[in-house]
Every structure is written in C-alpha cells, then in structure tokens.
Chemist: 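The structure that follows is given in the form of structure tokens.
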Amino acid sequence: MLEDAKKMGPDRTRKGSQEPAAPDRSRFQALREEISRLLPEAMLRDSYRVREKLAQILSSSLPRRNPAKATDLLLRLKQQLEESAEEKRARHRKKPRLSYPNELPITRYRQEIIRAIKENRVIIVSGETGCGKSTQLPKMCLEAGRGLAGKIACTQPRRIAAMTIAMRIAEELDQPLGKTVGYKIRFQDRTSPEAYIKILTDGMLLAETQGDRLLTEYDTIIIDEAHERSLNIDFLIGLCRRLLEKRPELKMIITSATLEVEKFLKAFDNPPLFKVSGRLYPVEVMYFEPESLPKKKEEPDYVDLAVQAVDFIKKEKQTGDILVFMPTEQDILETCHRLQGKHYPDSVILPLFARMPAHQQKQIYHIKQGKIVVATNVAETSLTIPGIRYVIDTGLARISQYQSSSGIHSLPILPISKASAEQRKGRCGRVSSGLCLRLYSEEDYRSRPDHTPPEIQRSNLAEVILRMLDLELGHPLKFPFLDPPPARAVADGYRTLLELGAIEKSESGYELTGLGRKMARLPLDPRLSRMLLEAANRDCLEEVSIIAAALSIQDPRLRPLERAADADRVQSIFQHPESDFLTFYNLWQALQNTIQGQASSPNLKKFARDYFLSYNRLREWLFVHEQISEILEEQKIRAKTGMPKVSDSELYSAIHRSILSGFISHLAAHKEKNLYEVARGQEAMLWPGSALFKKPPSWVLAAELVRTNRLYLRTVARINPAWAEELAPHLCQYSYLDPYWDKGQGEVRAKERVTIFNLIIISNRDVPFGNQDPARAHEIFVEEALIKHQLESEFPFLEYNQQIISQIKLLEEKLRQRNILVPEQHLFDFYSGRLHGVYNLKGLEQRIRNAGSDDFLRLKEENLYLFRPAKELLEGYPDSVRILGHTYQLKYRF
DNA sequence: TAGGGTTTT
C-alpha cells in the first residue's frame with residue numbers, strides 16, 4: 001500500500017501542472033516532495049483527500065498566477081498530513097491488547113486467518129452461527145495490522161445484532177463501548193473517532209457511501225452474513241468489488257453460511273476460504289412423511305402434520321423445547337389452538353411472529369423449560385430462542401415477490417430452499433443433541449432449490465436505481481452484482497421513476513431530474529419521497545411528512561391475539577372515515593398531545609400500552625419524522641407559506657393529491673361491495689382493517705397493493721379520480737367519442753374519455769375535437785356546417801350555393817328522379833378541396849378573409865348536374881298553371 | 001373480512 005500511494009501521488013498529478021516561477025519553484029517543489037513522502041504515513045481518509053486537493057491545485061493555473069498562495073496551500077496540506085500521520089502513529093501505540101475465548105471454534109483458526117488477511121486482499125469465512133466469526137474476525141483483522149490507517153467496518157443485517165456484537169467485543173477487550181469498538185445504526189452512533197472497530201448495519205455502510213464514495217474511513221470491510229443476500233448486502237458487495245479496483249490497500253472479508261460460498265468464491269476470484277464448523281452437538285434429521293402417518297380420508301395439511309409431530313415428540317417422553325416453523329400468522333394461531341387442546345403437562349405453547357407486542361415475544365426467554373414455540377421465519381434468523389432441542393419444519397414460508405409485469409407485490413406461501421431448511425435445522429442442537437423433523441419427504445427436500453432467490457431478483461428496483469443514478473454507478477445491468485436483477489425488473493424500476501418524474505430520458509440513457517436528485521437525498525422509498533416533495537408545493541408538508549414517516553415504518557398498531565377486538569375498539573377513536581392516512585395523522589396528534597414532543601417522555605409507554613401500540617415503533621416513527629424534517633430543512637424544501645387552507649376539504653385534497661403523486665398507479669375504482677378494479681383490470685379487495693371497509697367510496701388510492709390469499713388494497717383513502725389526470729397527464733390516455741358539430745360554438749366537439757392504467761377516470765367530458773383529430777373534424781365540419789348548412793352566422797356563398805342546389809333539387813322533384821344533382825360527395829370534395837384543414841367557424845372566416853372574397857367557395861351551376869334534362873322535357877313541368885283564369889303555383893314532390 | 005422478515009444520506 002505504501003508503494004502504491006507513493007506512485008499515485010505525484011505521478012497522477014504531474015500532468016498539466018503549472019510550475020511557479022523561481023525563486024518560489026524550489027520551495028514549492030520541496031513541499032510537493034514532502035507531501036508525497038507523507039501521503040502513505042497518513043490516515044487513508046486524509047491521504048485520499050489531500051491527494052485530490054493536490055491534484056486540483058496542480059492542474060489549476062494558481063501555481064503560476066499566484067505562487068505564494070499555491071505554496072501556502074501546499075504548506076497547509078502538508079500540515080494536515082503531519083497531524084494525520086501522528087494520529088496513525090498514536091493508533092499504533094494505543095492498539096488494544098487482544099484475547100480470544102478458547103471455547104469458540106473460530107479461535108482455532110486464528111493464526112491461519114491472520115496470515116491470510118495479511119497475504120490476501122479478500123478472504124471468505126464460512127461458518128455456522130455460534131462459531132464466533134462475528135465477534136472474533138474484527139479482532140483478528142486488528143491483530144493482522146488492519147484498523148490503523150482506517151477503521152475496520154463490520155456489517156450486520158440487523159440493528160440489534162450490530163449493537164450486541166459491538167457490546168460483546170468491547171466487553172472482551174475490556175474497553176468502554178464506543179471507544180475502541182463502537183456501533184452505528186440508524187439514529188444511534190456509538191463510535192468515537194479513535195475507534196478501531198465499527199460494527200454497523202449494512203444499510204448504514206451503504207448510506208455512508210453518499211458522503212464518502214470510496215469509504216476511506218475504513219481500511220478493512222467485513223460483510224457478515226452475506227449469505228442472507230438482502231438488497232443491501234448485494235448492493236454493498238457490488239460496490240466493494242468496484243472499490244477493490246479503486247483502492248489498492250483495501251481488504252475485505254466476506255462471511256457466509258456454508259452452503260452459499262460458491263458464488264462469493266467466483267465473484268472474488270477464488271480467495272482463500274476458511275470453513276469453520278460451529279455445531280457443537282449433532283442434529284438428527286427425520287423426514288416425517290405423510291405416508292408414515294395413519295392414513296386419513298384426506299391428505300393431512302401441514303398444521304395437522306405439525307400437531308402430529310409435536311405429539312410424536314411428546315409421546316416419546318423426551319424433554320426439551322420444541323420450535324415449530326409455520327408460514328403464516330393464521331397457521332400459528334390454529335396450531336397453537338390445537339396444541340392447547342392436547343393439554344400436555346408442563347408445557348407452555350407460545351406463538352411468535354414479528355408483529356407481536358414485544359413483551360409477549362420476550363416470553364420465549366422467560367420460560368425456561370417445556371415451551372413449544374410456534375413461529376414464523378422471525379425465528380429463522382432474527383430471533384434466537386434458547387434451549388430448543390426439537391425443530392419441526394413445515395418447509396414452507398411466505399416469500400415476498402414482486403411482479404414487474406403487474407407492479408404488484410405478493411406474499412405467496414412457498415416451499416423454502418435447502419439453505420433455509422438447513423438454517424431452521426440449525427436452530428436446535430445448540431445446547432445438546434437435537435432432532436429436526438421435516439414434514440416433507442427426503443425426495444422433496446432434494447428437489448428443492450439450493451437457495452432462496454436473492455432479494456434483488458424479486459424486488460421493486462426503483463429505489464436501487466435511484467441511488468445508483470445519484471452515486472453515478474452506471475446501469476444496473478452493468479454493475480457487478482453477484483446475480484444481476486432481471487432485465488424486466490430493471491426496466492420496470494426505470495418506468496416507476498419516470499412515472500414519479502425522478503428521471504428523464506437523455507441521449508445517453510436516463511438521468512436524474514432536479515426532483516429525482518432531491519428524492520435521492522431522502523432515506524425513503526421513492527414513492528414516499530415523491531409525495532413529500534409534492535406536499536411542499538401544496539402547503540401540507542407537515543401533515544404529509546408525518547404520513548410518509550408512518551408509511552416507512554412498520555405499522556405501530558398491534559393486535560394481540562387474545563385481545564384483537566379490544567385493540568380494534570380502542571384504536572377506532574383515531575379512525576378517519578375516509579382516509580387511513582389521516583388515521584395515522586390523528587394517531588400522531590394524540591401522541592403529540594401525550595408526550596409534548598418528547599420521545600423520552602414517560603407518558604409514551606403508557607400511551608402505547610393504553611392503545612395497543614408498539615412502543616418501539618412509535619419511537620421509530622418519531623425519529624424518522626425528525627430525520628425527514630431535518631433533511632427537508634437542509635435541502636431547503638419548505639412548505640410555501642402561501643394561503644392557509646380555508647377548509648378541511650381543501651386540506652384533505654392537498655394531502656391526498658400529494659399522496660397520490662407517489663402512488664398514481666395504485667388507483668382503484670369501486671365495483672361492488674368491497675371490491676375494486678385496479679390497474680390493468682385486476683380485482684382487489686379492501687383490507688378489512690381499513691376504516692373505509694364499511695363504506696367503500698367510488699374511488700380510492702392505496703399505499704399498498706399486496707397479494708396474499710387474494711389481492712388487497714391496504715392503507716387507502718377516498719380520492720377524486722380527476723386528481724390523477726392533473727398529476728400525471730403523461731400517463732393518461734385520451735379517447736374521443738361521438739364527435740359532433742356544435743352550431744352554437746361554431747366548432748366540432750366530442751365526448752372525451754380519460755383513462756389511466758386502463759381505468760376510466762373521466763368519461764363524457766365535452767371538449768373541442770379539432771386538435772385531437774383534425775382530419776375527422778374537418779369532415780364533420782364540411783358535412784354538418786357547410787353541406788347541411790348548420791352555421792349560426794350568415795355566409796353569402798352558402799346562401800348562393802344553397803339556392804343553386806335548391807333549383808336542381810326542384811328539377812329532381814319535377815322529373816321524379818334522383819340522379820340530376822351530383823352526389824353529396826361532389827359537394828364534399830368541392831368544399832374540402834378549397835378549405836383544406838378547416839374545421840371550425842374561425843378557420844372558415846380566416847380563409848375567406850385571406851382570399852379577399854368568398855368567390856372560391858361559390859359553386860358553378862354547370863358543375864352540379866349529373867345530366868342536364870332537355871329544355872323540351874322540362875316544359876312539361878311548369879312552375880305554375882292557369883286554370884279558369886286563375887294562376888296556381890305548382891309544387892312538385894317525388 | 002386479516003401480512004413472512006429486514007434496513008436507510
């Protein structure tokens with residue numbers, strides 16, 4: 001690294017440099033050399049920064065124009081480097097003493113791993129949970145000499161893990177938390193500048209790239225639990241692959257569960273791999289197949305099977321806690337109910353899922369023995385339940401998927417992958433030997449995919465693309481992702497950003513608009529950012545930022561199993577009859593009244609308890625709202641202090657128009673009962689928890705459109721569909737029906753129909769038709785206005801023409817035949833040829849004015865005959881006759 | 001008539 005830095009310093013900057021004139025030259029030159037010498041001694045952060053500044057100075061005209069000033073700048077850079085070099089030496093001196101717990105499996109590999117870190121840029125460590133990799137690897141990096149020129153970053157997928165791992169290492173090093181080892185998660189930074197090791201969420205490290213694209217704060221990056229393959233992890237790994245090219249001194253460690261390492265080996269060019277076993281006790285696997293059960297009339301479902309599997313364990317009279325994996329909350333309730341009916345002695349049956357009140361979740365730690373925990377996937381990675389000896393695995397989970405074709409998010413129940421099944425199996429056997437009962441056949445297991453598809457292949461990519469554009473990382477299909485996202489999903493992500501007005505097409509592809517640039521600064525889904533920016537223009541930023549914050553966190557409203565009705569009743573006082581968004585707003589008002597703006601208020605806990613709300617999520621909501629407000633303030637995005645809203649309905653309209661700007665494709669038109677038609681003709685049902693469920697309005701917008709057992713509209717509000725046209729005319733399709741000549745207005749008009757995503761938002765709007773279809777309008781004009789003579793004002797040429805035509809028509813009546821006057825087509829061609837492109841009264845007048853007279857529109861009588869009846873013939877049809885001295889006018893009628 | 005789990009400038 002030292003060599004590299006020396007090389008890069010002066011070499012890169014020599015080109016284009018403009019040397020100052022002597023006598024300053026020698027002083028200037030000396031400083032340059034001094035800086036080059038100091039660059040590798042300094043902290044990476046400063047070294048990169050100084051190098052950049054030096055390059056700027058040298059490529060400018062300053063050294064020639066103002067040698068004294070240039071020399072002064074260089075002197076300052078040199079001083080910065082000296083201070084930085086001292087900082088680095090101090091880090092060296094103060095390096096903490098390290099020790100490793102002997103009982104951890106990874107400790108045995110210590111020497112080898114340290115050597116590998118020294119000799120390689122990337123290493124991969126695969127190991128099961130409990131092998132100690134998360135806590136020991138950062139220390140090994142330190143021992144290998146890392147963490148001096150920059151910190152050692154270690155990422156975690158979950159905040160709670162980042163905190164506990166940091167605390168654990170600090171404890172092992174006998175240092176106060178934050179000093180040598182700290183953690184940084186959203187809303188909480190517990191690291192001092194002199195820290196050596198920083199544990200942070202992967203999302204947080206990703207966030208840091210915005211301020212420091214090369215992540216020069218770190219000389220080593222450990223990406224822990226990389227096998228989880230979240231969007232953040234995949235994005236981070238892609239970034240790091242690029243960083244390794246740009247930063248020759250950077251080192252990385254990727255850690256992963258055993259099954260998943262192949263992809264990482266390939267992506268990083270076969271780095272050294274360490275396999276660390278973490279299993280302390282063996283786990284036996286039994287395939288608890290339907291065949292091995294007493295046959296019933298119907299195929300038993302997985303709840304049945306699970307109950308039988310628990311029975312099986314209980315009958316063997318073995319002791320030890322049981323963990324059952326179920327795909328859904330409902331299955332958990334049913335399973336718990338059925339198990340309770342069995343009245344097992346000394347057993348406690350505990351449901352467990354993320355949306356449960358925290359104090360109920362905590363029971364899994366309080367009950368020491370005889371527990372049967374029935375859980376969702378939350379127990380697969382996020383929560384570790386102590387004392388589990390038996391795992392019962394249905395082999396199923398709800399797995400989120402995003403269909404780019406329909407733009408709809410779904411949560412189907414799907415068979416889990418082999419990797420996931422292994423992870424579930426690993427949840428027992430931590431304290432003694434374990435048993436894993438799989439409620440499917442071994443053949444079924446073997447036929448399953450190795451891994452769950454990474455999140456990047458089943459997500460909406462709008463946010464990723466927005467960030468990539470902001471960080472100038474190029475096109476997602478050219479970015480070094482471990483697995484590229486599907487091209488179709490990328491296209492859909494771009495489409496969503498176009499829909500939101502965040503990007504526009506340019507010659508070289510897409511680029512951010514001003515709006516998009518602002519959206520990228522907000523730590524929110526682009527849809528939520530979009531609605532905030534709209535709210536600033538509509539003077540309801542305060543209200544919408546509360547709503548956006550609510551939509552970005554998990555719903556703070558809880559529904560405890562046994563008290564669901566109570567919760568519904570208590571929470572109903574917040575309900576707004578027309579808008580679930582305003583329900584959040586009402587809840588916020590009540591919250592503020594209670595805590596008076598203090599998140600630390602002791603009243604918050606009581607408020608949460610009284611209204612069945614999650615204390616943690618309420619705090620999260622407060623923090624997110626605060627964070628959003630700060631960023632908006634920094635970006636100088638403020639509500640226009642325009643006119644105050646004079647009515648509730650104006651405020652309602654402003655708020656919901658703003659929300660709609662982010663969710664324009666989530667419009668829905670009422671069909672019947674609780675059913676709505678959504679984009680592209682699909683049918684969706686209101687979420688039963690919505691305040692609108694009992695009185696569905698004719699149009700709603702939904703913040704969520706999600707398919708579980710059916711397609712639901714969740715978090716909805718009444719809207720006026722005309723708002724959609726106003727917000728997104730570029731997405732509307734216009735069609736025109738029944739064009740007609742409007743004599744009074746002197747123009748052709750039609751009934752306009754406006755659709756968006758195939759939903760008719762406006763029908764029968766009377767509008768001018770000429771601009772839409774000039775050719776058709778012209779035809780109608782000629783036929784109706786001229787040929788049928790339907791004009792309000794008088795035109796001499798029309799009177800004239802009409803007269804001639806009447807005369808010829810009279811002949812037809814007399815001779816009782818219809819083939820004397822030329823067909824109407826002739827008249828049409830006559831007018832059309834002379835009034836090309838004219839379709840209204842104004843146009844007609846203009847043409848006549850331009851021509852100086854209306855002669856060109858006067859018909860020539862001789863041209864109007866198909867055949868000219870002989871004079872003699874006509875004499876037989878006089879206009880009048882005299883009979884007995886009286887003259888009678890004759891009228892002829894055919 | 002009822003949603004698996006995370007994370008963020």
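Order of the sequence lines sets the chain letters (A, B, ...), proteins ahead of strands, with each chain counted from 1. Side chains are part of it too, since the values below use all heavy atoms of this structure and drop only hydrogens, waters and symmetry mates.
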Chemist: Among B:dT6, B:dA2, B:dG3, find the nucleotide with the atom closest to the side chain of A:V378.
Modeler: B:dT6
Chemist: In whole angstrom, give the distance that lies between atom CZ of A:R617 and atom C1' of B:dT6.
Modeler: 12 Å
Chemist: Counting just side-chain N and O atoms, does A:T381 come under 4.0 Å of either OP1 or OP2 of B:dT6?
Modeler: no
Chemist: Mind running side-chain hydrogen bond (donor to acceptor under 3.5 Å, both in side chains) on A:R159 and A:Q188 for me, showing each step along the way?
Modeler: CA-CA 10 Å; A:R159 291 188 221 171; A:Q188 225 178 323; over 6 Å; no
Chemist: Let me know, please, whether A:L471 or A:H409 comes out on the 5' side of the other along DNA chain B by nearest nucleotide.
Modeler: A:H409
Chemist: Could you check how far CD of A:Q401 sits from P of B:dG3, rounded to whole Å?
Modeler: 16 Å
Chemist: Would you mind classifying the nucleic acid contact of A:A397 as base, sugar-phosphate or nothing, using non-hydrogen atoms under 4.0 angstrom?
Modeler: nothing
Chemist: Hey, does A:L686 reach any base, or is it just sugar-phosphate, or nothing, if we go heavy atoms under 4.0 Å?
Modeler: nothing
Chemist: Mind calculating the distance between CD1 (A:I223) and C1' (B:dT7) to the nearest angstrom?
Modeler: 15 Å
Chemist: Can you see whether A:T715 engages A:D580 through a side-chain donor-acceptor pair at a distance of less than 3.5 angstrom?
Modeler: no
Chemist: Among residues at least two apart in sequence or on other chains, which ones pass salt bridge (charged side-chain N to carboxylate O under 4.0 Å, His left out) with A:K198?
Modeler: A:E208, A:E217
Chemist: Can you figure out which of B:dG4, B:dT6, B:dT1 approaches the side chain of A:E329 most closely?
Modeler: B:dG4
Chemist: When only distance counts, do a donor and an acceptor, one from the side chain of A:R355 and one from the base of B:dG4, lie under 3.5 Å apart?
Modeler: no
Chemist: Let's go through A:D483 and A:R229 carefully: what are the C-alpha distance in whole Å and the side-chain angles of both, what is the deciding distance for salt bridge (charged side-chain N to carboxylate O under 4.0 Å, His left out) to 0.1 Å, and is it a yes or a no?
Modeler: CA-CA 10 Å; A:D483 290 295; A:R229 302 293 309 277; 2.7 Å; yes
Chemist: Between atom CZ in A:R467 and atom P in B:dT8, what is the gap in whole Å?
Modeler: 10 Å
Chemist: Compute whether any side-chain donor of one residue and acceptor of the other, for A:Y445 and A:E422, lie under 3.5 angstrom apart.
Modeler: yes
Chemist: A:I185 has a side chain; which of B:dT8, B:dA2, B:dG5 sits nearest to it?
Modeler: B:dT8
Chemist: Can you check whether any acceptor in the base of B:dG5 is under 3.5 Å from a donor in the side chain of A:E455, or vice versa?
Modeler: yes
Chemist: Starting from P on B:dG5, measure out to CE on A:M326 and report it in whole angstrom.
Modeler: 15 Å
Chemist: Is the base of B:dG4 touched by the side chain of A:E380 through a donor-acceptor pair closer than 3.5 angstrom?
Modeler: no
Chemist: What nucleotide, of B:dT8, B:dT6, B:dG4, holds the atom closest to the side chain of A:T201?
Modeler: B:dT8
Chemist: Any side-chain N or O of A:N377 less than 4.0 Å from the OP1 or OP2 oxygen of B:dT6?
Modeler: no
Chemist: Between atom CD in A:E228 and atom P in B:dG5, what is the gap in whole Å?
Modeler: 14 Å
Chemist: Between B:dT8, B:dG3, B:dG5, which nucleotide has the shortest distance from any of its atoms to the side chain of A:M204?
Modeler: B:dT8
Chemist: Can you measure A:E208 atom CD to B:dT7 atom P for me and round it to whole angstrom units?
Modeler: 17 Å
Chemist: With a non-hydrogen cut-off below 4.0 angstrom, is A:Q554 in contact with a base, only sugar-phosphate, or nothing?
Modeler: base
Chemist: Would you call A:K425-A:D393 a salt bridge at under 4.0 Å N-O?
Modeler: no
Chemist: For B:dT7, does OP1 or OP2 lie under 4.0 Å from any side-chain N or O of A:Q156?
Modeler: no
Chemist: So which one's nearest nucleotide on DNA chain B is more toward 5', A:R159 or A:T376?
Modeler: A:T376
Chemist: Heavy atoms under 4.0 Å, any strand shown: does A:R521 hit a base, just sugar-phosphate, or nothing?
Modeler: base
Chemist: Is A:N709 touching bases, backbone alone, or none of the nucleic acid, heavy atoms closer than 4.0 Å?
Modeler: sugar-phosphate
Chemist: What contact category does A:A564 fall into here, base, sugar-phosphate, or nothing, at under 4.0 angstrom with non-hydrogen atoms?
Modeler: nothing
Chemist: Please determine whether salt bridge (charged side-chain N to carboxylate O under 4.0 Å, His left out) holds for the pair A:D470 and A:R467, giving the CA-CA distance in whole Å, both sets of side-chain angles, and the decisive distance to 0.1 Å.
Modeler: CA-CA 5 Å; A:D470 188 48; A:R467 280 209 227 174; over 6 Å; no
Chemist: With sugar-phosphate meaning primed atoms plus P, OP1 and OP2, does A:L411 contact a base, only sugar-phosphate, or nothing at under 4.0 Å between heavy atoms?
Modeler: base
Chemist: Would you kindly check whether a donor in the side chain of A:S400 faces an acceptor in the base of B:dG4, or vice versa, at under 3.5 angstrom?
Modeler: yes
Chemist: State which of B:dG3, B:dG5, B:dT7 makes the closest approach to the side chain of A:Q330.
Modeler: B:dG3
Chemist: Rounding to a whole Å, what distance do you find between A:L396:CG and B:dG5:P?
Modeler: 15 Å
Chemist: A:R186 side chain: which of B:dT8, B:dG3, B:dT1 is closest?
Modeler: B:dT8
